[in-house]
2 protein chains.
Amino acid sequence: MPTFDLDDFTPYRLALLSARISRRFAAIYGPKFGLSRAEWRILAHLSQEAEVSIREIARRVDMDKSKLSRATARLETRGLLTKTPNPEDRRLLQLSLTEEGRAMIAELAPLAQAFEQEVHDALGPDAEAFDRAIRRLSAAAE
Amino acid sequence: MPTFDLDDFTPYRLALLSARISRRFAAIYGPKFGLSRAEWRILAHLSQEAEVSIREIARRVDMDKSKLSRATARLETRGLLTKTPNPEDRRLLQLSLTEEGRAMIAELAPLAQAFEQEVHDALGPDAEAFDRAIRRLSAAAE
DNA sequence: TTGACTTCATTTCAATTGCAACGACAACTG
DNA sequence: CAGTTGTCGTTGCAATTGAAATGAAGTCAA
């Protein structure tokens, strides 16, 4: 019988690592701001590019559009973003952060950067290679 | 306002990458063997260590025990594993693969190894550093 | 031995999820 | 133009999920 060690299996190791890291970071913004992972991602995404449609976020973030639809609805009722129909294509929605949303991101960004720094430090000398590796794999996984 | 690029945020990049890779591999074993991700993991885990309890798998694989309970129930009804109460501590269940389960793993193992090889090749010269990096981060994330 | 705790697996229940349908709109095609 | 096809966001629905409750079993101290 062919032996097979799950602990040496990259997809598995990656899944474990990713789950742990995301959970750790979620422990920072979750209780403090009452955001789910999806909501945090949407806000973060909107902080870079204003006027994004749900479809665009769905593509980039690889989340189901129904999940996005519900998450953005919550964020809208909380007053963190607005949805306005795109005048050029009325099927599309333009999402933008409200003042309040921007304020929240302004608070979140330093936390994220500090966390990123921690990760970077933990990586030590392998940081660069790790970065390249993620890039390579992402590209290979198309 | 502090700029923050989600694409440079390691937790996010890792989550995307992990999801994609796992999905790719699931596309191999999923349709062919009718296994969910959790089920595949349980089988793989059992292939290395016979006689494992649900609690042990839960600890290692960092899956909720209720999820495990249901997944193992499915695998049991499919005849891929058996649950027998541990005679020394009757709260514990000993999970073991049936012949059929072992046969399935024997088919799956080469697929997993081929997939791992693909990943390894995609990593090229950064493979070693990547391995170290995962180890470092996993350790740091406690 | 009894009683108070703890641990393990299952189950219950509410919430989240993904898929498929839907309605509104846009873009072709003849 | 009318008809077909395709896209976008939302919603209905069934399945999955995680958290807490449950029941069975073990542990420990009085």
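Convention: sequence-line order gives letters A, B, ...; per-chain numbering from 1. Just so it is clear, the model here is predicted, and its values are computed rather than measured.
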Tell me what A:S36 touches on the nucleic acid: a base, only sugar-phosphate, or nothing, going by heavy atoms under 4.0 Å. nothing
Atom pair distance, as rounded to whole Å: [atom1] in [X] and [atom2] in [N]:
{"X": "B:R70", "N": "C:dT10", "atom1": "CZ", "atom2": "C1'", "value": "9 Å"}
{"X": "A:D62", "N": "C:dG18", "atom1": "CG", "atom2": "P", "value": "10 Å"}
{"X": "A:D64", "N": "D:dG9", "atom1": "CG", "atom2": "P", "value": "12 Å"}
{"X": "A:D89", "N": "D:dG6", "atom1": "CG", "atom2": "P", "value": "17 Å"}
{"X": "B:I54", "N": "D:dA24", "atom1": "CD1", "atom2": "C1'", "value": "15 Å"}
{"X": "A:I57", "N": "D:dG9", "atom1": "CD1", "atom2": "C1'", "value": "13 Å"}
{"X": "B:K83", "N": "C:dT10", "atom1": "NZ", "atom2": "P", "value": "4 Å"}
{"X": "A:R37", "N": "C:dT16", "atom1": "CZ", "atom2": "P", "value": "14 Å"}

Nearest of [options] to any side-chain atom of [X]?
{"X": "A:L93", "options": "D:dG9, C:dA9, D:dC8", "value": "D:dG9"}
{"X": "A:K65", "options": "C:dC8, C:dA26, D:dT10", "value": "D:dT10"}
{"X": "B:T72", "options": "C:dT10, D:dG9, C:dA9", "value": "C:dT10"}
{"X": "B:K67", "options": "D:dG18, C:dG18, D:dC8", "value": "D:dG18"}
{"X": "A:R91", "options": "C:dT11, D:dT11, D:dG6", "value": "D:dG6"}

For the residue pair B:F9 and B:F4, does the interplanar ring angle fall in the parallel (under 30°), tilted (30 to 60°) or perpendicular (over 60°) class? perpendicular
Describe, in one word, how the ring planes of A:F130 and B:F130 are oriented to each other, choosing from parallel (under 30°), tilted (30 to 60°) and perpendicular (over 60°). parallel
If you find the nucleotide of DNA chain C closest to B:S66 and the one closest to B:R55, which residue's nucleotide is nearer the 5' end? B:R55
In terms of the nearest nucleotide of DNA chain C, which residue is placed more toward the 5' end: A:P87 or A:R74? A:R74
If you compare every side-chain N and O of A:S69 against the phosphate oxygens of D:dG9 (OP1, OP2), does one of them come in below 4.0 Å? no
Rounded at 0.5 Å granularity, tell me how far CG in A:L93 sits from CG in A:N86. 9.0 Å
Closest heavy-atom pair, A:Y29 versus A:L35, reported as atoms and distance to 0.1 Å, is CE1-O, 3.6 Å
In this structure, is the centre-to-centre distance between the rings of A:F25 and A:W40 below 6.0 Å? yes
